[in-house]
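Structure record follows, encoded as C-alpha cells.
Given the structure is predicted, the values throughout are model-derived calculations rather than measurements. Per chain, numbering begins at 1; letters A, B, ... match sequence-line order.
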Amino acid sequence: MPKDIITLRAKDYSQWYLDIVRNADLADYAEVVRGCIVFKPTGYAIWEAIQRGLDERIKETGHENAYFPLLIPKSFLTKEAEHVEGFAPEVAEVTRVGGVDLAEPYVIRPTSETIIGHFYAQWVHSWRDLPLLINQWANVMRWEMRTRPFLRTSEFLWQEGHTVHATEAEAEEETLKILNDVYVDFLEKEMAVPVLRGRKTEKEKFAGALRTYAIEAMMQDGRALQAGTSHNLGQNFARAFDIKFTDQNNTSQVAWTTSWGVSTRLIGALIMAHSDDEGLVLPPRLAPKQVVVVPIYKTPDERVRVLEAVDKITADWKGRIRFRVDDRDNLSPGFKYNEWELKGIPVRVEVGPRDVEKGSVALARRDVPGKAGKEFVPQEGLTERIEALLADIQTSLFTRALAFRNDHTVEVSSMGELKEAVETGFARAYWAGSREDEQKIQDDLKATIRVIPFDQPEKSGKCILTGQETGQQVVFARAY
RNA sequence: CGGGGUGUGGCGCAGUUGGUAGCGCGCUACUUUUGGGAAGUAGAAGUCGCAGGUUCAAGUCCUGUCACCCCGACCA
C-alpha cells in the first residue's frame, strides 16, 4: 500500500513539485540562508549531467571556458543604464571586510556582463582578436522576493557565455546558434523537453540587450518556464566598457557582444515536465543511474545464487548502461521498488530465485509506473533489450511532453478566448499591441507574451487587442 | 514588497483552565521476515526559534525580535 507522501498533481501542483524535490532527495532548503537550497548528491548529479551535455555542445560550437571574479565593483553595474535599472533591486553588496568599510563596495554578481566587459576591453584590440568566444560556469546571486527550489533561488548555478564580434550580423548569428544548436538541441535530445523558440518582446528582453531570444517549455500545469535565453547585446555593453577594435582599414570600431545562459532552473523544468504522482521521472540520457537492479532472496543460499546471477546479468553493462545493484539487506523489495520509482530511475530489473531458475528477470519501466510497466523477460539478450528500452523511454517522454503541449496550445482570436486559454496552457494570437498593452494584459490575465515564435503563419490576421491587421503572432502564457 | 502561516527529539505533528514534554515515522541492537512501502522486543535522542516580562511555577500568558515556508506582483 503506497504511502501518500506526494501530494497529487491535480490537487496542488505547487505542493506536488515541492514534494517531489524533497522526496526524491534532490535538495534541502538551506534554512539558514534565505532562498537558498542545498543540492543533495542526487540533485547535484543531475546538474552534473546537464553540465556535461551543455559543455560538450558549447565547446563543439567553438567556445572555451574561463572564470571571472564573483565580486564586481559596484560602479561597473551602473555603466550600462538599463542594466543597472534591471538588476539593482536584487543585487547583494559587500560593503565591509574585517569590520572596515570598503572604499568602493562590491556587488555579488547577478550576472557577469559588466566585469567580463571590463576585461574584454583589455583583451580586444584588433579584428584578428575576434570573435572572442568564452563561457563561464559559475554561481550568481539575485535576491529575489519569492523563491522556489531550483526554479528561483537566491543563489543559483549556471553557465553564462559572453562573446565579442566584429559585426552585428556575426553577433546575431552567434546568438541564434547558441539558441538552436546548444539550448534547443540539449533540451529536446537530452532532457526530452520540447521547447518553443523565438524572440522576446521589448518588455521581456534582458536589461541592456538589443534583442533577447528564448526557449520556453510547457510544464504539466500548462504554465510556461523560460528555460534559456540568448541575448544580442548590440553595442550597448561594448560602448559602456569601451570594447573597441581596429578593423582591416585601420579604423577603430565598437564591437558587438552577446551573452547567453541556462541555469539550475533546468532541473526544475525536468521535474515539472516529466514527473508524476509516484515521484520523479528522469529521461534516460540524463539519469545519473539508468537502471537499478533489485535482487530478491530469502535464505543465505538464495542470496548467493541470486547475486551470482546478477553479476552474470550485468557483466557486459559497464560502459554501456549506468546502473546500480541495490543489495541493501535491511529493506524489502517492495520498499525498494517504491523508493526507486520516487527517485526516477528509468528502468528497474528484479532478479529473484524464480528468475535464476527460469533464466528470466522482471523488467519495469519508470515512465509507466507501478505493476503496469513491469514484464518478465529472458535474461538472454537483456543488455540489448534494456538499451532499446532506455531509448524508447527517452523518445516516449519527449513525445508525451510534445503531445501535452499541443493539446494545451490553442490559437485564439478574441480576448475572451485568450483569457480562457491561458488558464490551461499556451495561447497563440495575432498581436500588434504596444508595451503598455502587454502590461495591461499581464495585469488582467496574469499572462505574458512568452515569445514571438520563429515559425510565423503565412497569412496575416487581426491583432487580438487592437484589431489591427498584422503578420505577427505571439504566444501568451502564465509563466514561472 | 503586499497577504497568510509556522518555529517543540532527525522528519511530520500533538500539547486542554499555566503544574516541569508526548505521539507517529525514522534511528540503534537483537530476532523473525523479504516477488509492490514487514513485525516483535529492548534502547538512544528535545536548554520547546531568540530576548525580556508576569507568576511560587511558562511550550502554554504578555511585549519585542529573528528566521523560515506558502500565496501574489517582479525576475534565469
Base, sugar-phosphate alone, or nothing: which one does A:P89 contact when heavy atoms must sit under 4.0 Å apart? nothing
I'd like to know if the side chain of A:Q159 reaches the main chain of A:V262, judged simply by a donor and an acceptor atom lying under 3.5 Å from each other, with no hydrogens or angles considered. yes
Could you check, using the six-membered ring where one of them is a Trp, whether A:F76 and A:Y106 have ring centers closer than 6.0 angstrom? no
Could you go through the side-chain contact (heavy atoms from CB on, under 4.5 Å) check for A:Y120 and A:T257 one step at a time? CA-CA 10 Å; A:Y120 280 4; A:T257 65; 5.5 Å; no
Going by the angle between their ring planes, with limits at 30° and 60°, are A:Y13 and A:Y480 parallel, tilted or perpendicular? tilted
How would you label the contact of A:G370 with the nucleic acid (heavy atoms, under 4.0 Å): base, sugar-phosphate, or nothing? base
Within the 4.0 Å heavy-atom criterion, would you say A:D355 contacts the bases, only the backbone, or no part of the nucleic acid? base
With a 3.5 Å cut-off and heavy atoms only, can you find an N or O donor on one side and an acceptor on the other between the side chain of A:R142 and the base of B:rC75? no
At 4.0 Å (heavy atoms only), tell me whether A:Q226 reaches a base, stays on the sugar-phosphate, or touches nothing. sugar-phosphate
Paired with B:rC11: which nucleotide, if any, by Watson-Crick or G-U wobble criteria at under 3.5 Å for both distances? B:rG24
Have a look at A:F376 and say if it touches a base, only the backbone sugar-phosphate, or nothing, with a 4.0 Å heavy-atom cut-off. base
Could you check whether A:A362 gets within reach of a base, just the sugar-phosphate, or nothing at all, counting any heavy atom under 4.0 Å? base
Of A:V351 and A:Y480, the one whose closest nucleotide on RNA chain B sits nearer the 5' end is A:V351
With a 3.5 Å cut-off and heavy atoms only, can you find an N or O donor on one side and an acceptor on the other between the side chain of A:K374 and the base of B:rG36? yes
Among B:rC75, B:rG36, B:rU34, find the nucleotide with the atom closest to the side chain of A:P333. B:rU34
With a 3.5 Å cut-off and heavy atoms only, can you find an N or O donor on one side and an acceptor on the other between the side chain of A:R348 and the base of B:rG36? yes
Counting distance alone, no hydrogens or angles: does the base of B:rG36 have a donor or acceptor under 3.5 Å from a partner atom on the side chain of A:E341? yes
Phosphate contact (B:rA38 OP1 or OP2) by A:S332 side-chain N/O below 4.0 Å: yes
A:F68 and A:F119 aromatic ring geometry - parallel, tilted or perpendicular at 30°/60° bounds: tilted
For every nucleotide of nucleotides 65-71 of chain B, 5' to 3': is a protein heavy atom under 4.0 Å from its base (B), only from its sugar-phosphate (S), or from neither (-)? --SSSSB
Answer with base, sugar-phosphate or nothing: what part of the nucleic acid does A:G352 contact at a heavy-atom distance below 4.0 Å? base
